Amino acid sequence: MRFRFCGDLDCPDWVLAEISILSKITSVKMKQLCVQVIRDLVDDSIDYEKVFKLTADAKYESSDVRAAVATLSFIISSAAKYSVDSETLNSELQQLGLPKELSSALCRAYGDQHTKLQEALKKKSLRLSRLSSVDWRVDYGDRKSGS
């Protein structure tokens, strides 16, 4: 199945595997976790201490926390990259098996920062320098042969 937030491609297998880990937290904590991930994408700063506190009641191991952050980072940055609206993202995440209340929480956080995310991702993308001006001339000479 193809998903818009994946660039109209199949969802990566590792994301599908991590959906079950994401399903263990509450919708309130999902939104707060998404806010941390978005902050990381925009400002390059994530408070892992806060992230570990948010996921403590789900009994995540350290590797599960990092996997959840990586999964949310992929979902949110890909959705912004491909200009997916919140409603479409919500529907697609539910199709992948994320519970409705969790996908809604994720999409609320995403929708609140959509424009800011796209601007930050544009700044981080690889760009070649733009052509600022062109100066050219053509020299044409009429040479007669000496024969």
Side-chain angles (χ1 to χ4, degrees), residues 1-140:
M1 209 167 161
R2 299 183 186 277
F3 296 93
R4 286 202 50 221
F5 83 93
C6 293
D8 287 323
L9 297 172
D10 289 338
C11 186
D13 291 339
W14 67 270
V15 173
L16 295 172
E18 300 304 328
I19 293 289
S20 64
I21 290 175
L22 290 174
S23 298
K24 294 179 183 177
I25 60 176
T26 65
S27 60
V28 172
K29 298 216 175 171
M30 171 65 90
K31 184 167 188 218
Q32 293 172 343
L33 187 57
C34 289
V35 167
Q36 288 297 314
V37 169
I38 291 169
R39 195 170 113 202
D40 182 41
L41 290 169
V42 172
D43 301 329
D44 288 330
S45 63
I46 188 167
D47 184 358
Y48 270 106
E49 186 176 317
K50 193 170 192 176
V51 169
F52 280 109
K53 285 180 185 176
L54 288 171
T55 57
D57 62 336
K59 296 185 175 57
Y60 281 179
E61 294 179 21
S62 176
S63 61
D64 292 338
V65 173
R66 295 190 190 281
V69 168
T71 304
L72 290 173
S73 182
F74 173 80
I75 290 169
I76 292 168
S77 64
S78 294
K81 177 181 177 181
Y82 295 111
S83 298
V84 178
D85 60 281
S86 295
E87 295 79 26
T88 303
L89 181 60
N90 192 356
S91 170
E92 289 182 349
L93 291 173
Q94 288 179 45
Q95 289 174 30
L96 291 174
L98 193 65
K100 183 177 183 178
E101 60 275 358
L102 296 180
S103 61
S104 295
L106 187 155
C107 290
R108 275 194 306 277
Y110 167 74
D112 292 344
Q113 299 294 324
H114 181 258
T115 306
K116 197 176 195 181
L117 267 167
Q118 284 188 319
E119 289 172 7
L121 292 173
K122 281 180 187 176
K123 287 179 184 175
K124 291 180 183 180
S125 68
L126 175 65
R127 297 216 182 243
L128 300 175
S129 58
R130 296 183 182 227
L131 187 61
S132 59
S133 69
V134 176
D135 187 19
W136 61 278
R137 78 175 202 206
V138 175
D139 290 330
Y140 178 75

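On a predicted model such as this, the values are computed, not experimentally measured, just so you know. Below, all heavy atoms of this structure are taken into account, side chains as well, without hydrogens, waters or symmetry copies.
In this structure a side-chain-to-backbone donor-acceptor pair under 3.5 Å is present from T71 to A67.
Note that CD1 of I76 is 8.5 Å distant from CG of L89, once rounded to the nearest 0.5 Å. Note that OG1 of T55 and CG of D64 are 9.0 Å apart. Values are rounded to the nearest 0.5 Å. A distance of 6.0 Å separates CD1 of I75 from CG of L22, quoted to the nearest 0.5 Å. One finds the CG atom of L117 at 11.0 Å from the OG atom of S83 (value rounded to the nearest 0.5 Å). How far OG of S77 is from CZ of F5: 10.0 Å, rounded to the nearest 0.5 Å. Atom SG of C34 and atom CG of D40 lie 12.5 Å apart (nearest 0.5 Å).
For E61, there are no salt bridge (charged side-chain N to carboxylate O under 4.0 Å, His left out) partners two or more places apart in sequence or in a different chain. With sequence neighbours excluded, the residues forming a side chain to side chain contact (heavy atoms under 4.5 Å, CB included) with S62 are F52, R66, listed by chain and number. Applying the side chain to side chain contact (heavy atoms under 4.5 Å, CB included) rule to P99 yields the partners S23, E101, L102; only residues at least two apart in sequence or on another chain are considered. Taking N90 as the reference, Q94, S103, S104, C107 meet the side chain to side chain contact (heavy atoms under 4.5 Å, CB included) condition, with sequence neighbours excluded. Checked against ring-ring contact (aromatic ring centres under 6.0 Å, His included), Y110 has the following partners two or more places apart in sequence or in another chain: H114. Residues satisfying the side chain to side chain donor-acceptor pair (under 3.5 Å) test with S27, not counting sequence neighbours, are none. For E119, there are no side chain to side chain donor-acceptor pair (under 3.5 Å) partners two or more places apart in sequence or in a different chain. Every residue two or more places apart in sequence or in another chain was checked for a salt bridge (charged side-chain N to carboxylate O under 4.0 Å, His left out) with D8, and none qualifies. The side chain to side chain contact (heavy atoms under 4.5 Å, CB included) search around D43 returns R39, S45, not counting sequence neighbours.
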Pair up each side-chain donor or acceptor in residues 9-16 with any protein partner under 3.5 Å, not counting sequence neighbours, and list the distances.
residue, atom, partner, partner atom, Å
D10, OD1, M1, N, 3.3

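Annotation: salt bridge (charged side-chain N to carboxylate O under 4.0 Å, His left out) contacts involving residues 17-31, sequence neighbours excluded, comprise K29-D57, K31-D112. The salt bridge (charged side-chain N to carboxylate O under 4.0 Å, His left out) contacts involving residues 73-90 comprise R4-D85, where partners must be two or more places apart or lie in separate chains.
Side-chain contact between V37 and V51: absent, with no pair of heavy atoms (C-beta onward) separated by less than 4.5 Å.
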Working for side chain to side chain contact (heavy atoms under 4.5 Å, CB included), residues I25 and L54: CA-CA 9 Å; I25 60 176; L54 288 171; over 6 Å; no
Residue pair Q36, L72: steps toward the side chain to side chain contact (heavy atoms under 4.5 Å, CB included) verdict: CA-CA 10 Å; Q36 288 297 314; L72 290 173; over 6 Å; no
List the steps and the verdict of side chain to side chain contact (heavy atoms under 4.5 Å, CB included) for L41 and Q113. CA-CA 11 Å; L41 290 169; Q113 299 294 324; over 6 Å; no
